[in-house]
Amino acid sequence: MKDFSNASFSPDLIKAMDQALEAAVATHPVSSTRVQTIAECILRSAKQGESDPRTLQTLAMVEMQLRMVEN
């Protein structure tokens with residue numbers, strides 16, 4: 001996983017990230033590698049200020065799909 005050791009998130013944002021990850025994985029069953037990709041995107045988006053769970057989920061799923069097309 002990318003280095004997020006210096007990242008700091010509020011409890012509410014952690015809850016939103018958790019909801020986004022759970023929803024993304026439940027909607028589209030994926031391998032553990034893809035779960036990591038989704039989690040990294042959610043962390044990156046949250047670090048940039050996004051806090052809506054649905055938006056975090058959507059951004060992660062779009063990125064995952066784009067990566068699948070590239071490979």
Side-chain angles (χ1 to χ4, degrees):
M1 183 170 277
K2 306 268 189 230
D3 183 18
F4 290 97
S5 60
N6 293 327
S8 176
F9 302 105
S10 70
D12 288 339
L13 187 51
I14 291 170
K15 183 177 178 181
M17 291 187 296
D18 184 51
Q19 290 172 346
L21 180 62
E22 286 183 19
V25 173
T27 304
H28 298 44
V30 293
S31 68
S32 60
T33 302
R34 294 230 194 313
V35 171
Q36 182 174 333
T37 300
I38 292 168
E40 286 176 359
C41 180
I42 290 170
L43 284 165
R44 192 172 44 258
S45 297
K47 192 173 179 182
Q48 293 173 351
E50 183 55 59
S51 61
D52 179 63
R54 191 171 196 87
T55 302
L56 290 166
Q57 175 190 354
T58 300
L59 290 169
M61 296 307 294
V62 168
E63 182 173 320
M64 186 185 71
Q65 289 174 341
L66 289 172
R67 287 186 182 198
M68 289 173 63
V69 170
E70 291 174 353
N71 294 328

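Because the structure is a prediction, the values reported are computed rather than measured.
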*asked:* If you compare all heavy atoms of K47 against all heavy atoms of F9, which two are closest, and at what distance to 0.1 Å?
replied: N-CE2, 3.7 Å
*asked:* Just verifying a value: how many Å separate L13 CG and S8 OG, rounded to the nearest 0.5 Å?
replied: 9.5 Å
*Which atom of S51 lies closest to which atom of A16, heavy atoms considered*: O-CB, 3.3 Å
*Rounded distance [0.5 Å steps], CE in M64 versus CD1 in I38*: 4.5 Å
*Taking C-beta and beyond as the side chain, do D18 and K15 meet within less than 4.5 Å on heavy atoms?*
no
_Could you measure the distance from the CD atom of E22 to the CD atom of Q57? Nearest 0.5 Å is fine._
11.0 Å
*For A20 and P53, work out which heavy atoms get closest and say how close.*
CB-O, 3.3 Å
*Honestly curious: do L43 and L59 fall in one hydrophobic cluster under the side-chain, below-4.5 Å linking rule?*
no
*Interatomic spacing from CD1 in I42 to OG1 in T55 - rounded to 0.5 Å*: 11.5 Å
*What is the distance from atom CG of L56 to atom CE of M61, rounded to the nearest 0.5 Å?*
13.0 Å
*Value rounded to 0.5 Å, distance of CE in M17 from OG in S10*: 8.0 Å
